[in-house]
Amino acid sequence: MPCGPRPFGRAASRGRYGSGLSMTKDYKSTIFLPKTDFPMKAELPKREPAMLARWKQQDLNGQIRSSSKGRPKFVLHDGPPYANGNLHIGHALNKILKDVVSRSQQMLGKDSVYVPGWDCHGLPIEWKIEERYRAAGKDKDAVPILEFRRECREFAQHWIGVQSEEFQRLGVMGDWANPYTTMSFDAEAQIAREISKFAVNGGLYRGARPVLWSVVEKTALADAEVEYHDHVSTTIFVRFPIIKSKFDDLVGASAVIWTTTPWTIPGNRAIAYGEEFDYQLLDVRSVAEGSLIEPGARLLVAQSLSEEVKSALKIEQAVSVWSRKGAELAGTVASHPFRGQDKVYDFDVPLLPAAHVTLEAGTGLVHTAPGHGVEDFEVGIAYGLALPDTVDEDGIFLKNVGMDSLIGRRVLTADGKVGDADRAVVSVLKDVGKLAAQGKLNHSYPHSWRSKAPLIFRNTAQWFISMETNGLRAKALKAIEGTRFVPATGRNRLHSMVESRPDWCISRQRAWGVPIAVFVDRRTGKLLCDQAVFDRIAEAFEKEGGDCWFSSEPARFLGPDHDPANFEQVKDIVEVWFEAGSTHSFVLEKRADLKWPASLYLEGSDQHRGWFQAALLEACGTRDRAPFEAVLTHGFVLDEQGRKMSKSDGNVVAPQEVTDKNGAEILRLWVVASDYGDDLRIGPGILKHQIDLYRRLRNTLRYLLGNLASFSEEERLPYAEMPELERWILHRLAELDGVVRQAIHDFDFNALFTALHTFCAVDLSAFYFDVRKDSLYCDRPDALARRAVRTILDQLFSCLTAWLAPVMCFTAEEAWLSRHGEQAPSVHLRQFPEIPAAWRDDALAAKWKKVRALRRVVTGALELERENKRIGSSLQAATTVYATDDYVEAMRGLDLAEIAITSGATLVAGAAPAGAFTLEDLAGVGVVPAPADGSKCQRCWRVLPDVGSVAGHEDICGRCADAVGPSQVAAE
RNA sequence: GGGCUCGUAGCUCAGCGGUAGAGCGGGCUGUUUAUAACAGUCAGGUCGCGGGUUCGAAUCCCGCCGGGCCUACCA
């Protein structure tokens, strides 16, 4: 629509104003004001969805993929979010950061393919479905497993759809048409294959282990599924008769233990002591009313706890009759308090040293039940203690606790309330005279994160991946050394976890997941490792999904070589971390558009323990190396005060609300304006800040567009013909190009964004644009100076739209299309411009540093003039600047008036006269301002002596008269 | 309880042994030819607190306080 460059003002041809309306000529219409359709008002909530629709319609991602064929691949492998609800701000941070990384790598010249994924299996979804059943009055256990799994699948599918839309709304680009999920049949098949690899290589084994167990959900819980809440427990002191010791004094005395879980007494197999602690034997002389202790009893306790114990046991007077270090207790043996009640208690209860014993509470002698605690278990392993099963999956005492008064009692009820087992145990203890005291304790206790019910430690059969078989731990530690961590502290964090972690428990007694599809030989107890069987299983999963494990006869998988009667089909499912840890195998390896290992895994810092570790172990166990080349972590999102967000505190920022109200671009800016390595803050004030930053960038682009209207190639000026100021801008672009590339390499988008924003605000808006406004608006279009500026603006536009595109993906595109037309290829199909090395000119930069320092003194002097009402616009002033030789040298060949935007200027070498304006921190420059000589040009507003010197143009200066031309304006 | 980590102007961040920095925001002013835009200018910090090392510490060490992530245990 606009006219091309013409030697004379386009406004002249428009005749917007008729002649004769005014005595003053309309010079405004003869200058070249910015002209653009790119609106100042962003209206992001409206424009962004339209842009997304446009990209979708043109299949932008597909276009980028096909135009990037053959370039080196960059694969950011998506850590799958859990498909069970709307996105929160943490999701937004994570996906936006991924998008910025992926887009910036793409524009760096890579083929950056991003395939989003979802984590679909697991307890939270299962629980949602069960909740529906409960609401409908249905019994979850009565529902066939395949029907249950189908509902879980549909639930996950629904939320995948919702989250996909929400992620895309944020501007996240990727293969949304073909995402991966952990519940697709091919994924389920590959997960089964991965498990079979561990079976074949010997890493997978079935072991017994006490695990935190929920009797409500009837499952072992992963650590991540446990939370701690206050809980009131029954506490008891119990006497264990000592039957053997190298100290005669001890035989016949009682070792006293304290526990908060009376129901674990039947599982007791040892008593732990601290080798360094002092223990003493108390001879009880007198007791208070209600004490369960008889005078004359002798009790073994830790010395430093004896007062507390005496008080708890209501002992009035007792005398220490023996005292030794704990280490001396080695070899001491007690009997179980229930001995004599049933023959199952005829075993010895040894006193054993253990590091976990403390003197903070209790008696300094710790009840040790290997099936009911991790540390107890470890003591048990170390000393070969029995590992009895005392409760079933409902938390009910089994037959092997021996006594009718105990068998069938419940630790917890089906809905998670305290059951009758504690009471029954206490009652028996009391009957046999071994109860020393009883009380209540309110303490922090593990609970299920979902049902909120208390958990118990229960001995169970579980499947493990050994950290030592095949040297898995060593391999993983080595792989960590070969991985790049951003920030670097991630390496230590992962390393220390892998170094100290126990074997990986991968089994769950649940329904919604991938089966641990293996058989155990009933005759030998060994895993069946027949590749033909594993292949049949995987093939079936590939076609029908994991469901077929539950719906088919074992013979289908066992084939002709194995008799189903001889094999137990394992019905456990694999924990979801194993699935997530296997994504590399069914996404990176299987898809031709990706590569293995991934270039980058990028998640919140909590995933050191979660996904990073699971993926590392899974890949090291099956492929001897990490599935990633680099790991990047970000912090957590907090509110404006640095506090955790919570619904009850009302400080939650929902990404959907920000997007609807301010636009996704604002969230994207927030991500890059923050230091994601640390925790990030967000709130109304911080969002306002981002909006301000956005405005500046948008207006910079808008100003470029306005002043580039109808720019044509003929106008372009070669570098050699550029004035110094223009060459300085090119130098800055070369500098920024380095900053941008380095920042992208470092994943330091804050540095990138800060540099770009400061450049736009300080170098362009406050300086270059301001100085060059006169030339842009008033010079004739064919003037070399103006052509130089427009050439630079074109270059700036090219660079800024590219550099901003990975972050401001909407606005960069909007500006790009505004310039090049709706039919132009997308800005996102571009690469970062190649900046000629010759643009870099450090000597010029040093020179202009001085020039701008000198300019600061001038603007300071003018501000004083303005304050004293001697001038308004700087163009009303002319200055005489006295400066030392170095400044004079820096100004050689430059027009001081032009640079300082005054109407006149004189530069004098030498000291400033008294009264000249100076700046404290800038010795050597003094400024004497004065009113400019001449009259104001009505066109360019400079005050010049040659105003009116051209006939027919009495109101304007010579330059403007030339620009306007001899006749046009006069004709109007 | 342990490990890791953070605490610099109202906000977002640089600085990481040598006299406290930037951008934004704020106040004031100008411009009205980027105009719900732009420019100039000014004011803001005892670098969480307390010790120590050093000629010198925001920067190194120790302790504390406060935030965050992970983890353990509470027998």
Side-chain angles (χ1 to χ4, degrees), chain A residues 27-28 31-36 40-41 223-224 228 233 235 257-261 264 271-272 354 356-358 360-369 372-376 441 443-446 487 489-490 492-493 496-497 500 604-610 633 635-638 640-644 670 673-675 677-681 683 685-686 688-690 692-693 695-696 699-700 702-707 750-751 753-755 757-762 765-767 769-770 773-774 776-778 856 859-860 862-867 869 871-876 901 939-941:
Chain A
Y27 289 107
K28 182 167 176 175
I31 61 173
F32 307 98
L33 287 177
K35 180 169 178 13
T36 176
M40 180 180 292
K41 203 163 183 320
D223 294 342
Y228 287 79
S233 294
T235 62
I257 63 93
W258 178 71
T259 180
T260 59
T261 51
T264 62
I271 293 170
H356 67 273
V357 178
T358 70
E360 278 161 28
T363 66
L365 293 172
V366 177
H367 158 55
T368 300
H372 302 300
V374 172
E375 287 170 336
D376 297 27
L441 177 71
H443 63 151
S444 162
Y445 189 86
T489 48
N492 285 338
R493 197 159 166 180
S496 61
M497 282 173 191
S500 60
S605 60
D606 57 331
Q607 296 302 328
H608 283 107
R609 175 150 296 269
T633 53
F636 278 68
V637 184
L638 308 172
E640 225 148 31
Q641 272 65 249
R643 305 272 164 180
K644 212 181 185 129
W670 163 72
S674 305
D675 174 14
D678 196 0
D679 291 331
L680 298 82
R681 298 180 181 203
I686 291 170
K688 183 187 173 295
H689 185 215
Q690 309 312 326
D692 287 333
L693 296 178
R695 285 221 182 93
R696 161 66 72 179
N699 277 321
T700 300
R702 181 166 183 265
Y703 191 70
L704 287 171
L705 285 166
N707 287 104
N750 183 275
F753 181 72
T754 304
H757 184 268
T758 305
F759 174 66
C760 287
V762 179
S765 194
F767 181 56
F769 289 170
D770 217 20
K773 234 179 242 187
D774 176 73
L776 280 169
Y777 294 180
C778 303
R856 263 182 55 226
T859 54
L862 295 181
E863 185 61 23
L864 195 62
E865 295 305 288
R866 201 171 280 134
E867 195 178 302
K869 306 293 176 197
I871 63 166
S873 160
S874 62
L875 286 174
Q876 290 166 13
I901 319 182
R939 184 167 175 272
C940 69
W941 294 353

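To find a chain, count down the sequence lines: A is the first, B the second, and so on, and within it residues start at 1. All of these numbers come straight from a predicted model, not from anything done at the bench.
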Under 4.0 Å between any heavy atoms, over every strand shown, what does Lys41(A) touch: base, sugar-phosphate, or nothing? Just pick one.
nothing

Measure from the side chain of Asp606(A), starting at C-beta and using heavy atoms only, and say which of rC70(B), rU35(B), rC24(B) lies closest.
rC70(B)

Return the pairing partner of rA39(B) with a 3.5 Å limit on both distances, Watson-Crick or G-U wobble; otherwise return none.
rU29(B)

Could you check if the base of rG40(B) is syn or anti? Syn means the glycosidic torsion is within 90 degrees of 0.
anti

Under 4.0 Å between any heavy atoms, over every strand shown, what does His689(A) touch: base, sugar-phosphate, or nothing? Just pick one.
base

What integer number of Å spans the C1' atoms of rC13(B) and rA20(B)?
15 Å

Closest non-hydrogen atom pair, Asn750(A) against Asp675(A):
ND2-N, 4.3 Å

Is it true that Asp692(A) and Lys688(A) make a salt bridge, defined as a side-chain N closer than 4.0 Å to a carboxylate O?
yes

With rounding to whole Å, what would you report as the distance between rG17(B) and rG52(B) at their C1' atoms?
15 Å

For rG1(B) and rU46(B), measure between their C1' atoms and round to the nearest Å.
35 Å

Given His367(A) and Thr259(A), is the side chain to side chain contact (heavy atoms under 4.5 Å, CB included) satisfied, shown in steps?
CA-CA 7 Å; His367(A) 158 55; Thr259(A) 180; 3.6 Å; yes

Looking at every strand, decide which applies to Asn699(A) at a 4.0 Å heavy-atom threshold: base, sugar-phosphate, or nothing.
base

Separation of Leu864(A) atom CG from rU29(B) atom C1', in whole Å?
12 Å

Closest to the side chain of Phe636(A), out of rU71(B), rG68(B), rG40(B), is rG68(B)

Please report, rounded to the nearest Å, how far the P atom of rG30(B) is from the CG atom of Leu862(A).
14 Å

Sugar-phosphate, base or nothing in reach of Arg866(A), heavy atoms under 4.0 Å
sugar-phosphate

Which part of the nucleic acid does Gly685(A) contact within heavy-atom distance under 4.0 Å: base, sugar-phosphate only, or nothing?
nothing

Search all heavy atoms of Leu776(A) against all heavy atoms of Phe32(A) and return the closest pair with its distance.
O-CB, 3.5 Å

Ignoring the backbone of Thr758(A), work out which of rC69(B), rA36(B), rG23(B) is nearest its side chain.
rG23(B)

CZ on Arg702(A) to OG1 on Thr36(A), rounded to 0.5 Å:
6.5 Å

Remember a base hit wins even if backbone is also touched, and classify Ser873(A) as base, sugar-phosphate or nothing at under 4.0 Å, heavy atoms.
sugar-phosphate

Assigned partner base of rG21(B), Watson-Crick or wobble definition, under 3.5 Å:
rC13(B)

Under 4.0 Å, heavy atoms only, any strand: does Ser765(A) hit a base, just the sugar-phosphate, or nothing?
base

Separation between the P atoms of rU35(B) and rG48(B), rounded to whole Å
43 Å

Minimal heavy-atom distance between Ser874(A) and Leu862(A), with the atoms involved, is CB-CD1, 3.7 Å

For a quick check of understanding: with a heavy-atom distance under 4.0 Å over all strands, which category does Tyr777(A) fall into, base, sugar-phosphate or nothing?
base

Scan Arg939(A) against the nucleic acid and name what it touches under 4.0 Å (heavy atoms): base, sugar-phosphate only, or nothing.
base

Hey, does Glu867(A) reach any base, or is it just sugar-phosphate, or nothing, if we go heavy atoms under 4.0 Å?
nothing

Return the nearest nucleotide to the side chain of Ala761(A); candidates are rG23(B), rA34(B), rC38(B).
rG23(B)

Scanning all shown strands, the Watson-Crick or wobble mate of rG1(B) with both distances under 3.5 Å is rU71(B)

Contact class for Thr754(A) (heavy atom, under 4.0 Å): base, sugar-phosphate, or nothing?
nothing

